Amino acid sequence: MTFIRENYDLQTLNTLAIKANSRYFSQINNINELIEIIKFAKNNDLQILILGGGSNLIFSKDWEGITLLNSIKGIEVINENEKEVELKVGSGENWHNFVLYTLDNNFFGLENLALIPGTVGAGPVQNIGAYGCEIKDFIIKVEVLDLEDKQIKTFDNKDCNFSYRKSIFQNYGKYFITQVYFKLSKLENNVLSYPALITYFQNINMDLSIVTPKDICEAVIEIRSLKLPDYKNIPNVGSFFKNPIISNEHFLKLKDFFPNLVAFKNENNWKIAAGWLIDQCGFKGFKDNGISTYDKNALVIINIESKTGKEILNFAKIIQDKVKEIFDINLEIEPRII
Ligand SMILES: Cc1cc2nc3c(=O)[nH]c(=O)nc-3n(C[C@H](O)[C@H](O)[C@H](O)COP(=O)(O)OP(=O)(O)OC[C@H]3O[C@@H](n4cnc5c(N)ncnc54)[C@H](O)[C@@H]3O)c2cc1C
């Protein structure tokens with residue numbers, strides 16, 4: 001039996017703490033409840049919004065359809081040998097708790113992705129990434145319920161079309177991710193390419209050759225806690241903009257004017273550090289109309305005075321316009337705008 005609430009306030013369910021109402025709301029604990037609710041949505045011609053931890057959403061208006069809060073739980077080892085383990089994970093599990101569970105069991109790979117807010121099921125949606133790793137490198141397949149034909153389907157990793165902050169699951173309203181299947185290693189295989197991680201271990205005089213995955217997890221937690229505000233006290237959605245990708249030609253022009261430009265080479269183009277661009281425009285700690293950028297990290301926008309999504313987007317536009325004017329770069333907003 002599923003309960004459906006009307007006119008539900010989503011303010012405590014999104015990490016930017018934007019006040020927004022959902023016409024209908026229900027919490028989903030399993031597939032049967034999901035199928036029941038989809039029937040209700042179809043019969044009442046309601047659009048479906050899938051909600052995890054609400055850490056990658058900006059409500060610019062109320063949701064006139066039904067919001068489904070995902071609480072599908074469960075972590076199961078489905079296969080293992082001496083070297084590897086395969087896990088089936090309910091999409092409503094908390095991501096960071098799952099990362100800690102893997103390390104407690106000596107399953108390695110996800111340590112660089114510690115402390116990312118939200119649910120396991122939202123991870124594949126934007127192919128979450130941090131500190132030199134992306135979730136796509138550990139996913140075997142993703143199980144979904146197709147919201148149109150109500151059939152359970154699975155997408156192998158290659159069919160998810162993962163790339164930087166992208167996947168086919170951004171075709172919103174089509175699939176509800178129900179389970180994610182991971183392959184993790186039982187052997188330590190550290191990724192220590194990210195400069196901030198290297199500096200962290202150098203600062204504590206720890207030789208990189210003796211660093212363990214648990215050390216990496218602790219380092220990531222510590223670095224993130226210094227760089228990112230805790231959304232429970234300071235509402236935010238983490239990185240507000242994606243790191244823009246520009247052509248080689250554009251990069252060379254900019255590098256002439258800005259020798260300190262922070263950029264990472266891709267195959268045929270360059271990924272530019274959005275935080276650096278915003279910083280150069282003088283926006284670190286910039287405040288306007290009860291909204292500001294975080295003083296320790298200009299890429300993070302914080303909603304200090306409980307402003308609306310529209311006001312936050314207006315604030316972001318000031319930053320986007322300036323970055324366009326100075327660098328001829330369009331900053332794309334990372335979270336989904338409702
Ligand atoms: C402080 C902070 C730090 C962050 N750091 C990072 C970071 O380092 N790297 C990074 O990649 N992201 C980061 N994020 C963004 C965010 O945490 C991730 O995108 C996360 O995966 C969102 O999870 P969620 O459950 O909160 O998703 P929600 O915000 O609830 O939803 C996000 C989108 O996914 C859809 N969705 C959610 N669950 C499902 C499902 N089961 N099936 C289908 N669609 C679904 C929603 O409809 C929505 O469109 C950060 C956010 C914050 C607040």
Side-chain angles (χ1 to χ4, degrees), residues 10 13-18 20 22 28 31 34 47-59 63 65-73 89-99 110 112-136 142-147 153 155 160 162-180 194 196 220-221 223-243 275 294 296-297 299-303 333-338:
L10 301 175
L13 297 179
N14 71 97
T15 63
L16 258 177
I18 294 170
S22 182
I28 301 298
I31 294 264
L34 182 54
Q47 271 193 299
I48 293 172
L49 171 65
I50 306 162
L51 184 64
S55 63
N56 214 27
L57 284 171
I58 303 170
F59 287 97
W63 183 255
I66 182 163
T67 300
L68 305 184
L69 181 67
N70 181 15
S71 293
I72 299 177
K73 296 282 166 64
V89 187
S91 58
E93 287 286 346
N94 174 275
W95 172 259
H96 179 63
N97 290 346
F98 169 55
V99 172
L110 302 180
N112 296 50
L113 302 175
L115 214 62
I116 298 180
T119 49
V120 167
V125 175
Q126 78 150 358
N127 180 26
I128 53 169
Y131 297 93
C133 289
E134 287 181 324
I135 194 176
K136 73 170 172 51
V142 175
E143 181 193 280
V144 303
L145 188 85
D146 187 320
L147 296 176
K153 297 177 180 169
F155 289 89
C160 299
F162 289 123
S163 62
Y164 171 62
R165 300 293 182 271
K166 277 206 175 104
S167 77
I168 52 155
F169 307 113
Q170 284 163 336
N171 183 354
Y172 300 117
K174 179 132 178 69
Y175 303 117
F176 189 120
I177 295 173
T178 48
Q179 304 284 337
V180 185
Y194 206 82
V220 167
I221 291 174
I223 300 168
R224 291 182 70 98
S225 306
L226 290 172
K227 239 183 65 179
L228 291 164
D230 179 357
Y231 64 82
K232 291 178 198 110
N233 307 316
I234 305 176
N236 74 90
V237 272
S239 303
F240 201 90
F241 302 101
K242 290 185 188 178
N243 289 322
Y294 190 45
K296 293 185 195 134
N297 181 354
L299 191 51
V300 178
I301 291 182
I302 55 183
N303 187 12
I333 291 175
E334 184 176 298
R336 173 180 173 195
I337 301 168
I338 301 290

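Every number for a ligand or one of its atoms is a count from 1 in the order of the listing. Note that the numbering runs from 1 along the sequence shown for the chain. All figures in this text were calculated on a predicted structure; none of them were measured in a lab.
Here the CD1 atom belonging to I18 is positioned 13.0 Å from the CG atom belonging to L13, to the nearest 0.5 angstrom. Of the inter-residue distances, the one linking N112 atom CG with I135 atom CD1 reads 13.0 Å to the nearest 0.5 angstrom.
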What are the distances between nitrogen or oxygen atoms of ligand 1 and protein nitrogen or oxygen atoms, counting only those under 3.5 Å?
from	atom 1	to	atom 2	distance (Å)
ligand 1	5 (N)	R224	NH2	2.7
ligand 1	8 (O)	R224	NH1	3.0
ligand 1	8 (O)	R224	NH2	3.3
ligand 1	9 (N)	G129	O	2.8
ligand 1	11 (O)	Q126	NE2	3.2
ligand 1	11 (O)	G129	N	3.1
ligand 1	12 (N)	Q126	NE2	3.2
ligand 1	17 (O)	S55	OG	2.9
ligand 1	17 (O)	P117	O	3.0
ligand 1	19 (O)	N56	ND2	3.2
ligand 1	19 (O)	Q126	NE2	3.0
ligand 1	25 (O)	G53	N	2.7
ligand 1	25 (O)	T119	N	2.8
ligand 1	25 (O)	T119	OG1	2.7
ligand 1	26 (O)	G53	N	3.1
ligand 1	26 (O)	G54	N	3.1
ligand 1	26 (O)	S55	N	2.8
ligand 1	26 (O)	S55	OG	2.6
ligand 1	29 (O)	S55	N	3.0
ligand 1	29 (O)	N56	N	2.7
ligand 1	30 (O)	G52	N	2.7
ligand 1	30 (O)	G53	N	3.4
ligand 1	30 (O)	G54	N	2.9
ligand 1	41 (N)	I177	O	3.1
ligand 1	42 (N)	I177	N	2.8
ligand 1	47 (O)	I50	O	2.6
ligand 1	47 (O)	R336	NH1	3.1
ligand 1	49 (O)	R336	NH1	2.9

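Side chain of Y164 to backbone of N243: a donor-acceptor contact under 3.5 angstrom is found.
In this structure I48 satisfies the side-chain contact (heavy atoms from CB on, under 4.5 Å) test together with I38, A41, I50, I66, L68, L147, sequence neighbours excluded.
Considering every non-hydrogen atom in both C133 and L113, the closest pair reads O-CD2, 3.5 Å.
Between the side chains of T119 and N70, no donor N or O sits under 3.5 Å from an acceptor N or O.
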